[in-house]
Amino acid sequence: MIITGATGKIGSQISKLLNSQNINFTAISRTKEKLIDLNLSNMEIIEGDIDSADIWMNEPTINADDILFLVRVNDSFKILEDAKKKGINKIIFLSSASINHKDSEHSENAQDHKLFEDKIKEMGFNYVFIRPEAFMSNALYWSGLFKYSKDELNWPRLSAKYASVHENDVAEVVVEVSKSFDKFQGKVLTLTGSNVITQKYMLSEIIKQTKSQLILKEQSLADFEIYMSQFMDQKYISLREADWEYSFNNKLEITDTISTILDREPLTYREWVSDNKDQFQL
């Protein structure tokens, strides 16, 4: 198996799981030092990225019968062309559940991922598409608020909802799919947590587990946009606002995909906070 984005949250967890099961794999990263630090005995490290796939796919450890785990980066179709030239025909693509949403035709995120899915189909690959809802780890963008807010923690749209999924569940599903690829070939797997949770619950759970004295208060969208403009482009601010509005107007669907494949309930947001609460403290 070939893991692109191997130093990311999903890629690194996939690597650890494969190694724990004594499965040999190749990890691709622009910063191989981070992979070396993982100290995984079954991992072959290749320094590179998606745009340089024509080079690293010629390495002797890359074989035509490998499964390619792919994350969409920079809308680059070049890696698909390079994979075809190498003879690789099996792809597990980390896509997005935003494709499933009723407003997907108006969502840039959904359309970008759908375009990549369609290209994989068009080029004749055998595939499995993994469509997770929002990652629980997205909550890490609140870490600065917790570390530097005084007395109050202000955030808008507290009643907005997510069907967030733990990144470890996503990684474990990918590993199970890779071990039984033919069983899952051609399927679209939508991954969610076990329930729908609000932003108010998510923030309150962090406050509770970190024993913070911050008081949670609703922020206006105008103040939110002014604050967030210091840290991200308007494009990404608008994406978050669109997600919130969608959750007000549509029911978020919960799937049993994780429990069916892993034979256990999905990991909870409470468990995610317990594992990551240090990220919200100075």
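Side chains included, hydrogens not; waters and symmetry mates left out as well; all remaining heavy atoms used.
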Parallel, tilted or perpendicular: rings of Y246 and H101 (30°, 60°): parallel

Closest non-hydrogen atom pair, [X] against [Y]:
{"X": "T198", "Y": "S159", "answer": "CG2-O, 4.0 Å"}
{"X": "A6", "Y": "A27", "answer": "CB-CB, 3.6 Å"}
{"X": "K90", "Y": "D182", "answer": "NZ-OD1, 4.1 Å"}
{"X": "I62", "Y": "W56", "answer": "CG1-O, 3.5 Å"}
{"X": "Q219", "Y": "N154", "answer": "OE1-O, 3.7 Å"}
{"X": "L203", "Y": "L158", "answer": "CD1-CD2, 3.8 Å"}

Cluster link [X] to [Y], ILVMFWY, side chain under 4.5 Å:
{"X": "I226", "Y": "L239", "result": "no"}
{"X": "L216", "Y": "W244", "result": "yes"}
{"X": "I55", "Y": "I28", "result": "no"}
{"X": "W155", "Y": "V196", "result": "no"}
{"X": "I254", "Y": "F135", "result": "no"}

Main-chain N/O of [Y] paired with [X] side-chain donor or acceptor, under 3.5 Å:
{"X": "N63", "Y": "D66", "result": "no"}
{"X": "S204", "Y": "Y201", "result": "no"}
{"X": "S96", "Y": "H113", "result": "no"}
{"X": "Q209", "Y": "R270", "result": "yes"}
{"X": "Q199", "Y": "P156", "result": "yes"}
{"X": "S29", "Y": "T31", "result": "yes"}
{"X": "E271", "Y": "T268", "result": "yes"}
{"X": "S15", "Y": "G11", "result": "yes"}
{"X": "K32", "Y": "I45", "result": "no"}
{"X": "S20", "Y": "L17", "result": "yes"}

Decide yes or no for [X] and [Y]: does some side-chain heavy atom of the first lie under 4.5 Å from some side-chain heavy atom of the second?
{"X": "L115", "Y": "F77", "value": "yes"}
{"X": "F184", "Y": "I261", "value": "yes"}
{"X": "M228", "Y": "E241", "value": "no"}
{"X": "F129", "Y": "I120", "value": "yes"}
{"X": "R264", "Y": "D169", "value": "yes"}
{"X": "L262", "Y": "V173", "value": "yes"}
{"X": "K179", "Y": "I23", "value": "yes"}
{"X": "V174", "Y": "M1", "value": "yes"}

Less than 4.0 Å between a side-chain N and a carboxylate O, is that true for [Y] and [X]?
{"X": "R157", "Y": "E245", "result": "yes"}
{"X": "K78", "Y": "E81", "result": "no"}
{"X": "D82", "Y": "K86", "result": "no"}
{"X": "E122", "Y": "K119", "result": "yes"}

Distance from [X] atom [atom1] to [Y] atom [atom2], nearest 0.5 Å?
{"X": "L18", "Y": "L40", "atom1": "CG", "atom2": "CG", "result": "9.5 Å"}
{"X": "S194", "Y": "D256", "atom1": "OG", "atom2": "CG", "result": "12.0 Å"}
{"X": "S178", "Y": "I2", "atom1": "OG", "atom2": "CD1", "result": "12.0 Å"}
{"X": "I91", "Y": "K84", "atom1": "CD1", "atom2": "NZ", "result": "8.0 Å"}
{"X": "S95", "Y": "L189", "atom1": "OG", "atom2": "CG", "result": "11.0 Å"}
{"X": "D65", "Y": "N89", "atom1": "CG", "atom2": "CG", "result": "11.0 Å"}

Intermediate values then yes/no, side-chain contact (heavy atoms from CB on, under 4.5 Å), I206 and M202: CA-CA 7 Å; I206 299 171; M202 296 170 75; 5.7 Å; no

Worked verdict on F25 versus N19 for side-chain contact (heavy atoms from CB on, under 4.5 Å): CA-CA 8 Å; F25 65 98; N19 194 74; 4.2 Å; yes

Is it the case that over 12 heavy atoms from other parts of the model lie below 6.0 angstrom from the [atom1] atom of [X]?
{"X": "N249", "atom1": "CG", "result": "yes"}
{"X": "Q234", "atom1": "CD", "result": "yes"}
{"X": "I215", "atom1": "CD1", "result": "no"}

Residue that, paired with F93, satisfies ring-ring contact (aromatic ring centres under 6.0 Å, His included) out of F69, F116, Y127: F116

N100/E253 under side-chain contact (heavy atoms from CB on, under 4.5 Å): CA gap, chis, key distance, verdict: CA-CA 10 Å; N100 304 339; E253 299 295 334; over 6 Å; no

Test side-chain contact (heavy atoms from CB on, under 4.5 Å) applied to I79 and L70, step by step: CA-CA 9 Å; I79 190 170; L70 192 58; 3.6 Å; yes

Please tabulate, one pair per line, all N/O donor-acceptor pairs under 3.5 Å involving side-chain atoms of residues 137-153, not counting sequence neighbours.
from	atom 1	to	atom 2	distance (Å)
S143	OG	L140	O	2.9
S149	OG	L145	O	2.6
E152	OE2	K217	NZ	2.9

